[in-house]
Amino acid sequence: MVTFLPTRRGRLADVPSFDRGIGGAESNVACALAAAGHRAKWISRVGADGFGDHLVEAIAAYGVDTRAVCRDPHRPTGVYFRTADDRDADHHEVIYYRAGSAASAMAPGVLDVADLWSGRVLHLSGITAALSPQCLALMRELTTRAPGRPLVSFDVNFRPGLWREAEESGTGGPGPRVLLELARGADLVFVGEDEAEAAWGVCGAQAIRAALPEPAVLVVKRGPAGATVFSRSTAEGGTDSGGVDGAGGGAGRDTDTDTDTDTDTVTDVPALRVDVVAPVGAGDAFAAGFLSGTLRDLPVRDRARHGHLMAAAALTVHGDLATPPDRAHADRLAALDDTAWADLRIGPGWTETTADATEASSDAPEASSAAPGVGPTAAHPTAAHPTAAHPTAAHPTEAVETRADVTVTGLSGTGEEVRTP
């Protein structure tokens with residue numbers, strides 16, 4: 001979607017002007033992965049209008065393959081406006097104009113399943129399922145287990161207001177039940193502890209895992225406490241950590257925070273301390289960082305740490321998207337011992353340096369990098385960071401591969417290595 005961000009804080013009724021940008025959970029993940037050096041493809045539908053032109057061009061500028069995006073001459077590109085505050089704040093406002101949008105017309109048979117399955121990972125979001133009955137049918141098709149499908153990644157992204165609209169209009173079923181059904185069909189699932197409680201009435205990481213035993217990997221984002229990753233143990237005693245090439249993938253690292261259950265290895269990864277500039281985009285960035293580590297077959301702990309680092313990059317800029325840290329720099333930070341990791345504090349501008357330490361700021365508020373919402377209140381920086389950095393066309397950090405990393409499908413997404421509808 002095209003997003004309009006206010007030029008100053010305040011009610012939408014009082015904001016005099018807005019900056020145009022791109023938004024949407026799926027496209028955020030696609031752009032972040034492409035900016036981090038992975039080959040990503042976005043498969044979606046946009047209107048044959050100026051906003052559609054802007055959306056496709058802006059996402060492509062991050063290095064995302066947008067060639068499979070369909071242009072709809074009869075339906076418009078969706079747009080939304082929001083205030084500058086944390087979405088959890090009482091005075092936060094967001095207005096969507098996406099009813100009857102081009103993206104809402106996505107359906108089985110409209111998007112090419114062979115194209116969607118051509119990447120190593122297919123990344124989906126629960127938001128898409130709420131847009132229309134056709135979108136829900138597509139999501140059900142893509143989360144149905146079938147031979148030959150790629151690793152399917154699913155971010156629950158429970159939005160109560162969106163599902164209320166779908167139920168009231170008769171275009172969708174009960175959101176919590178639908179999201180649980182879709183999550184059970186995925187191989188890798190991201191869900192916030194708070195949204196699982198709101199959607200399914202389950203509290204705590206273990207209870208969430210009990211409700212979602214099917215995915216090989218379940219990532220529970222726990223706000224300031226960090227993230228808990230459940231990776232299913234194999235019959236041979238190894239760990240199926242959601243590798244994308246063949247069964248299993250890299251095993252989780254044995255640390256004091258890893259404990260064995262009957263079926264899982266459970267890895268707790270503390271969040272970073274972050275001096276927050278804007279509390280938006282962290283959840284999508286965390287998913288992108290974890291997927292990046294999955295594509296690289298890193299240990300489970302390091303996948304989650306890369307998720308925290310990407311989320312910290314998003315939290316220390318204005319807007320939903322940020323320039324990710326240099327890969328070598330991020331790898332050094334992810335490899336720190338537990339004490340050094342706990343001592344890290346991330347501040348604005350940290351991705352622009354390759355230093356091993358980040359500048360501490362005792363006055364700025366702290367927030368977790370593991371969840372879309374940050375801290376107990378909306379954080380305001382003491383010094384503004386430039387708005388989301390302009391992307392450079394994809395990093396030349398990897399040898400050329402013959403297969404995409406990620407395909408993303410939905411309102412926005414990614415391709416070759418990861419695909420996102």
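Predicted model, so just to flag it, every value in this text is computed and none were measured.
- Listed for the Asp264 side chain is no donor-acceptor partner under 3.5 Å among the backbone atoms of Val266.
- Taking the side chain as every heavy atom from C-beta outward, Leu291 and Val29 approach each other to under 4.5 Å.
- Listed here is the closest heavy atom pair of Arg232 and Pro215: NH2-O, 3.0 Å.
- Between the side chain of Ser132 and the backbone N or O of Ser104 there is at least one donor-acceptor pair closer than 3.5 Å.
- With Thr316 contributing its side chain and Val277 its backbone, the two residues share no donor-acceptor pair below 3.5 Å.
- Taking the side chain as every heavy atom from C-beta outward, Arg71 and Asp53 approach each other to under 4.5 Å.
- Not a single donor-acceptor pair under 3.5 Å links the side chain of Glu141 to the backbone N or O of Pro108.
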Show your working on side-chain contact (heavy atoms from CB on, under 4.5 Å) between Val110 and Leu138 and close with a plain yes or no. CA-CA 9 Å; Val110 173; Leu138 174 65; over 6 Å; no
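- A side-chain donor-acceptor contact under 3.5 Å links Arg222 and Thr228.
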Could you walk me through whether Asp19 and Thr7 pass the side-chain contact (heavy atoms from CB on, under 4.5 Å) test, one step at a time? CA-CA 6 Å; Asp19 290 328; Thr7 53; 3.9 Å; yes
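- Checked by atom type and distance alone, the side chain of Arg145 pairs as donor or acceptor with a backbone atom of Ala186 at under 3.5 Å.
- Between Leu55 and Trp42, some side-chain heavy-atom pair lies under the 4.5 Å cut-off.
- Side-chain contact, Ser125 with Asp155: no donor N or O sits under 3.5 Å from an acceptor N or O.
- Note that the CG atom of Leu321 and the SG atom of Cys31 stand 5.5 Å from one another [nearest 0.5 Å].
- Side-chain atoms of Arg305 never come within 3.5 Å of backbone atoms of Asp331 as a donor-acceptor pair (strictly under, hydrogens ignored).
- Interatomic distance, Ile22 CD1 to Ile59 CD1, rounded to the nearest 0.5 Å: 4.5 Å.
- Between Arg120 and Leu295 there is a side-chain heavy-atom pair separated by less than 4.5 Å.
- Considering all non-hydrogen atoms of both residues, Ala330 and Leu309 come closest at O-CD1, 3.6 Å.
- Between Asp14 and Arg8, none of the side-chain N atoms (NZ, or NE/NH1/NH2) sits under 4.0 Å from a carboxylate O, so this pair counts as no salt bridge.
- Although no hydrogens or angles enter the test, the distance criterion places a donor-acceptor pair under 3.5 Å between the side chain of Thr77 and the main chain of Gly52.
- Side chains of Val15 and Thr83 form no contact here, defined as non-hydrogen atoms less than 4.5 Å apart.
- Within the 4.5 Å cutoff, no side-chain heavy atoms of Asp112 are placed close to those of Ile43.
- Judged as a ring pair (Phe, Tyr, Trp, His ring centres under 6.0 Å), and not counting sequence neighbours, the contacts of Phe51 are Phe4.
- Under 3.5 Å, the side chains of Thr323 and Thr351 contain no donor-acceptor pair of N or O atoms.
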Determine whether Val69 and Arg45 satisfy the following criterion, side-chain contact (heavy atoms from CB on, under 4.5 Å), listing intermediate values before the conclusion. CA-CA 6 Å; Val69 175; Arg45 292 175 63 86; over 6 Å; no
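- In this structure the side chain of Phe158 reaches within 4.5 angstrom of the side chain of Trp163, judged on heavy atoms.
- Proximity of a side-chain donor or acceptor of Thr267 to a complementary backbone N or O of Arg301 within less than 3.5 Å is not detected.
- Once rounded to the nearest 0.5 Å, the distance linking CZ of Phe154 with CG of Leu124 reads 7.0 Å.
- Ala25 approaches Ile127 most closely through the heavy-atom pair CB-CD1, 4.0 Å.
- Aromatic ring centres of His306 and Phe290: separated by at least 6.0 Å.
- Between the Asp302 side chain and the Gly293 main chain, no donor and acceptor come within less than 3.5 Å of each other.
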Going through the distances and angles, do Val189 and Arg184 end up as a side-chain contact (heavy atoms from CB on, under 4.5 Å)? CA-CA 9 Å; Val189 171; Arg184 285 173 170 165; over 6 Å; no
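- Among all heavy-atom pairs drawn from Ala312 and Ile346, the shortest one is CB-CG2, 3.9 Å.
- The shortest non-hydrogen separation linking Trp341 to Ala334 is CZ3-CA, 4.3 Å.
- The structure places OG1 of Thr143 at 4.5 Å from CG of Leu182, a figure rounded to the nearest 0.5 Å.
- Remark: side-chain polar atoms of Thr144 are paired, donor with acceptor, to backbone N or O of Arg140 under 3.5 angstrom.
- For the pair Arg303/Arg296, no side-chain contact is recorded, criterion being any heavy-atom separation below 4.5 Å from C-beta on.
- A distance of 13.0 Å separates NE2 of His308 from CG of Leu333, quoted to the nearest 0.5 Å.
- The two residues Ser153 and His123 come nearest to each other via the heavy atoms OG-ND1, 2.8 Å.
- The distance from atom CZ of Arg327 to atom OG of Ser292, rounded to the nearest 0.5 Å, is 5.0 Å.
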